S.K.: 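Dropping the structure in here first, questions after.
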Amino acid sequence: MATALNLSPPISLLRPLSYRKIPKITTTIRASTSSSETSPPLTTSTKDQGLSSSPSSSVTFAPPPDFKPPVPQRFGVRPDKRWEVFTASLGLFFRLGTGVFVSGYSVSFVPKNEIPPGQYALDAGDSKAKETSKLGPRPEKPIEIYEFEGWNTIEMAADQQNKMRSFSRMWLDMSQVREIVAVLDIDVLFYPCPKNGPNFRPKVAQMGGKQQFPYMVDPNTGVAMYESDDIIKYLVGKYGDGNVPLMLSLGLLTTLTAGLAMIGRMGKGSSYIPSKLPPKPLEIWAYEGSPFCKLVREVLVELELPHLLRSCARGSPKRQILYEKAGHFQVPYLEDPNTGVQMFESAEIVEYIKATYAVQ
């Protein structure tokens, strides 16, 4: 077998991290790491957590009338979504594919008859592309991250000096953490915190003392922290090989390329749209480098819908799990434990989420 690609991050951890143990606060959602298990209920207590609303337990969630999951179309883009897909694709160019490949990614091309039936492999003409990666320790429970798509939190700064420092980071804080999640191939329970979101922004202030994003909680160790750089170094130290990918280690250049990657989606996924909070988090199989996945995440964030990300970038062993589960690999793939819906196709997933959870 001839290896065509072998990607590994070269930059080592250079300074100690600043983090603290999380306080004893009841967590709003818990989700299992096993893809075969259903998500547990979402329980929100305004008394315990200071949240402005609770899950819509009195509301019955059901698919839209006459709903049928679409047939997956490989490499197909709906004509009315071409511009959105294009603008969401800018990150692939400006970020040089960061978040597309799992750490230690390698690919080899083998004859089709060497791939047994039921094993996932990418078609490559007369051959099959067999992808592998090198994973670090796996977290037993999903990492929890509070954040949102779009521009960062300049509004959080307390004075002019902090404003300037916040402005210098605002293009990259969110996306770079999601990129390392894809690189490390770890599952994350995302709590969206869009502007004016009533639920999880107050919870971050209660847990950490301020509304600053991203904010990470690792339920496996009790560690919680702000600051994307510190979060990245913690994650690669705990669940990777201790090396930060090059494109996340270039300082100002990382900031500029992350900002350019987001220009086409300016304002998307950053402001709250009234919604009904479901009792269980949605589950989405996706990864940061995919423009189709980005479009779905934007809507999940705007509607402040907690979602468990099953990260599956290129080289992820979870691609085989999804292949066996759905009989086909394609992302994004949505599993909604509140309605029983399972579906491919980003445009239809967005329409389904809006129809089911947005306040009409």
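Counting from 1, the numbers follow the sequence of the chain as shown. We use all heavy atoms of the structure for the numbers below, so side chains are in, but hydrogens, waters and symmetry mates are not. If you're wondering where the values come from, they're calculated on a predicted model, not measured in any experiment.
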S.K.: Would you mind telling me which of Arg314, Lys134, Lys318, Arg310 makes a salt bridge (Lys or Arg N to Asp or Glu O under 4.0 Å) with Asp185?
M.R.: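 Result for salt bridge (Lys or Arg N to Asp or Glu O under 4.0 Å) with Asp185: Lys318.
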S.K.: Check step by step if side chain to side chain donor-acceptor pair (under 3.5 Å) holds for Tyr287 and Ser316.
M.R.: CA-CA 10 Å; Tyr287 61 97; Ser316 170; over 6 Å; no
S.K.: Taking all atoms of both residues into account, what is the closest heavy-atom pair of Val301 and Glu149, and its distance?
M.R.: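 Smallest interatomic distance, heavy atoms only, reads CG1-N, 3.8 Å.
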S.K.: Can Ile263 and Leu260 be said to form a side chain to side chain contact (heavy atoms under 4.5 Å, CB included), step by step?
M.R.: CA-CA 5 Å; Ile263 280 180; Leu260 291 170; 3.8 Å; yes
S.K.: Please tell me if the side chains of Glu179 and Leu248 come closer than 4.5 Å, counting only heavy atoms from C-beta onward.
M.R.: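 In short, these two side chains touch, coming nearer than 4.5 Å.
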S.K.: Answer yes if Leu253 and Leu246 sit in the same cluster of Ile, Leu, Val, Met, Phe, Trp and Tyr residues linked by side chain heavy atoms under 4.5 Å apart, and no otherwise.
M.R.: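 Yes, Leu253 and Leu246 fall within the same hydrophobic cluster.
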S.K.: Mind checking whether Thr221 and Tyr234 have side chains closer than 4.5 Å, heavy atoms only?
M.R.: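 Yes, at least one pair of side-chain atoms sits under 4.5 Å.
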S.K.: Quick one: closest heavy-atom pair of Val331 and Trp285, and the distance?
M.R.: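 In terms of heavy atoms, the two residues are closest at CG1-O, 3.5 Å.
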S.K.: Check Met216 against Ile145 and note the closest heavy-atom contact, atom names and distance.
M.R.: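 Shortest heavy-atom separation between Met216 and Ile145 comes out as CG-CG1, 4.1 Å.
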S.K.: Give a yes or no answer on whether the side chain of Ser103 reaches the backbone of Leu184 with a donor-acceptor pair at less than 3.5 Å.
M.R.: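 Such a contact is absent between Ser103 side chain and Leu184 backbone.
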S.K.: Give the ring-plane orientation class for Phe200 versus Tyr191, where under 30° counts as parallel, over 60° as perpendicular and anything between as tilted.
M.R.: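 Phe200 and Tyr191: perpendicular rings.
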S.K.: Specify the closest pair of heavy atoms between Pro219 and Glu144, including all atoms of both residues, with the distance to one decimal.
M.R.: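 Scanning both residues completely, I find the closest heavy atoms to be CG-OE2, 4.0 Å.
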S.K.: Kindly compute the distance separating CD (Gln119) from CD (Glu324), expressed to the nearest 0.5 Å.
M.R.: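 That separation rounds to 9.5 Å.
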S.K.: Distance from Phe101 atom CZ to Ser133 atom OG, nearest 0.5 Å?
M.R.: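 Answer for the CZ-OG pair, Phe101 versus Ser133, is 12.0 Å.
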S.K.: Tell me, with the steps shown, if Glu288 and Arg95 meet salt bridge (charged side-chain N to carboxylate O under 4.0 Å, His left out).
M.R.: CA-CA 11 Å; Glu288 177 64 14; Arg95 299 293 298 145; over 6 Å; no
S.K.: Measure the shortest side-chain to side-chain distance between Leu277 and Glu304 over non-hydrogen atoms and say whether it is less than 4.5 angstrom.
M.R.: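 With C-beta onward as the side chain, the pair stays apart.
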S.K.: Between Asp336 and Phe61, is a side chain to side chain contact (heavy atoms under 4.5 Å, CB included) present by the stated rule, with each step listed?
M.R.: CA-CA 10 Å; Asp336 187 345; Phe61 292 95; over 6 Å; no
S.K.: Determine, step by step, whether Phe67 and Glu351 satisfy the side chain to side chain contact (heavy atoms under 4.5 Å, CB included) criterion, reporting the C-alpha distance in whole Å, the side-chain angles of both residues, the deciding distance to 0.1 Å, and the verdict.
M.R.: CA-CA 11 Å; Phe67 171 81; Glu351 292 171 351; over 6 Å; no
S.K.: Taking the inter-plane angle between the rings of Phe344 and His328 on a 0 to 90° scale, is it parallel (under 30°), tilted (30 to 60°) or perpendicular (over 60°)?
M.R.: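 If you compare the ring of Phe344 with that of His328, the planes turn out perpendicular.
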S.K.: Can you hop from Val204 to Leu189 via hydrophobic side chains spaced under 4.5 Å?
M.R.: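 Yes, one cluster joins them.
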S.K.: Give me the atom names and distance for the closest heavy-atom approach of Val177 to Pro214.
M.R.: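 In terms of heavy atoms, the two residues are closest at CG2-CG, 3.9 Å.
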S.K.: Name the residue from Ile231, Asp229, Asp230 that meets the side chain to side chain contact (heavy atoms under 4.5 Å, CB included) definition with Glu227.
M.R.: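 Of Ile231, Asp229, Asp230, side chain to side chain contact (heavy atoms under 4.5 Å, CB included) with Glu227 is met by Asp230 alone.
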S.K.: Under a 4.5 Å cut-off applied to non-hydrogen side-chain atoms, are Arg178 and Arg297 in contact?
M.R.: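 Counting from C-beta outward, Arg178 and Arg297 do come under 4.5 Å.
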S.K.: Where do Glu84 and Lys268 land on the salt bridge (charged side-chain N to carboxylate O under 4.0 Å, His left out) test, with the steps shown first?
M.R.: CA-CA 11 Å; Glu84 289 193 356; Lys268 301 293 185 181; 5.4 Å; no
S.K.: Output the distance between atom CD (Glu131) and atom OG (Ser106), rounded to the nearest 0.5 Å.
M.R.: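 With rounding to 0.5 Å, CD (Glu131) is 9.0 Å from OG (Ser106).
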S.K.: Roughly how far apart are Asp187 CG and Ile143 CD1, rounded to 0.5 Å?
M.R.: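 Result: 9.5 Å between the selected atoms.
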S.K.: Say whether, by atom type as modelled, one donor and one acceptor occur between the side chain of Lys276 and the main chain of Thr356 under 3.5 angstrom.
M.R.: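 At least one qualifying donor-acceptor pair exists.
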S.K.: Using modelled atom types and a 3.5 Å cut-off, is there a donor and acceptor pairing between side-chain atoms of Asn220 and backbone atoms of Lys141?
M.R.: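 Side chain of Asn220 to backbone of Lys141, a donor-acceptor pair under 3.5 Å: yes, one is there.
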S.K.: Considering only heavy atoms from C-beta outward, does the side chain of Ile353 approach that of Leu334 to under 4.5 Å?
M.R.: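 Touching, per the 4.5 Å side-chain cut-off.
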S.K.: To the nearest 0.5 angstrom, please state how far the CD1 atom of Ile186 sits from the NZ atom of Lys238.
M.R.: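 One gets 12.5 Å once the value is rounded to the nearest 0.5 Å.
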S.K.: Using modelled atom types only, decide if a donor and an acceptor are shared between the side chain of Gln320 and the backbone of Tyr120 within a distance under 3.5 Å.
M.R.: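 Yes, the answer is positive, given that a donor and an acceptor are paired below the 3.5 Å cut-off.
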S.K.: Report the C-alpha distance between Val217 and Tyr146 in whole Å, list the side-chain angles of each, state the deciding distance to 0.1 Å, and finish with yes or no for side chain to side chain contact (heavy atoms under 4.5 Å, CB included).
M.R.: CA-CA 8 Å; Val217 176; Tyr146 297 75; 4.2 Å; yes
S.K.: Can the ring centres of Tyr323 and Phe329 be said to be less than 6.0 Å apart?
M.R.: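 No.
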S.K.: With side chains defined as the heavy atoms from C-beta onward, is the minimum distance between Asp218 and Leu235 less than 4.5 Å?
M.R.: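 Asp218 vs Leu235: side chains apart.
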S.K.: Distance from Ser249 atom OG to Asn243 atom CG, nearest 0.5 Å?
M.R.: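 One finds 9.0 Å between OG of Ser249 and CG of Asn243.
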S.K.: In sequence, state the C-alpha distance, the side-chain angles, and the governing distance for Gln330 and Glu345, and then conclude on side chain to side chain donor-acceptor pair (under 3.5 Å).
M.R.: CA-CA 8 Å; Gln330 182 176 310; Glu345 295 298 327; 3.0 Å; yes
S.K.: Let me check something: do Val296 and Tyr272 share a hydrophobic cluster, defined by ILVMFWY side-chain heavy atoms less than 4.5 Å apart, either directly or through other members?
M.R.: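 No, because Val296 and Tyr272 fall into different hydrophobic clusters, even though each may have its own neighbours under 4.5 Å.
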S.K.: Considering residues, nucleotides and ligands other than Asp80, do more than 12 of their heavy atoms fall under 6.0 Å from its CG?
M.R.: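 Enclosed.
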S.K.: Taking all non-hydrogen atoms of both residues into account, name the closest pair between Tyr226 and Lys210 and its distance.
M.R.: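 Closest approach of Tyr226 to Lys210: OH-O, 2.6 Å.
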S.K.: Is the closest side-chain heavy-atom distance between Pro192 and His307 below 4.5 Å?
M.R.: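 They are in side-chain contact.
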S.K.: Should side-chain heavy atoms under 4.5 Å link Ile, Leu, Val, Met, Phe, Trp and Tyr, which residues sit in the same cluster as Phe292?
M.R.: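 Grouped by the 4.5 Å side-chain rule, Val77, Val85, Leu295 form the rest of the cluster around Phe292.
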S.K.: Taking the side chain as C-beta and beyond, is there a heavy-atom pair between Leu282 and Tyr357 under 4.5 Å?
M.R.: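 Yes - at least one pair of side-chain heavy atoms lies under 4.5 Å apart.
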S.K.: Please confirm whether the backbone N or O of Cys312 pairs with a side-chain atom of Arg319, one donor and one acceptor, at under 3.5 Å?
M.R.: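 Side chain of Arg319 to backbone of Cys312: a pair is present.
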S.K.: Step through the shown structure and confirm whether more than 12 heavy atoms of other residues, nucleotides or ligands are within 6.0 Å of NZ on Lys354.
M.R.: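 Counting neighbours around NZ of Lys354, 12 or fewer heavy atoms of other residues, nucleotides or ligands fall under 6.0 Å, so no.
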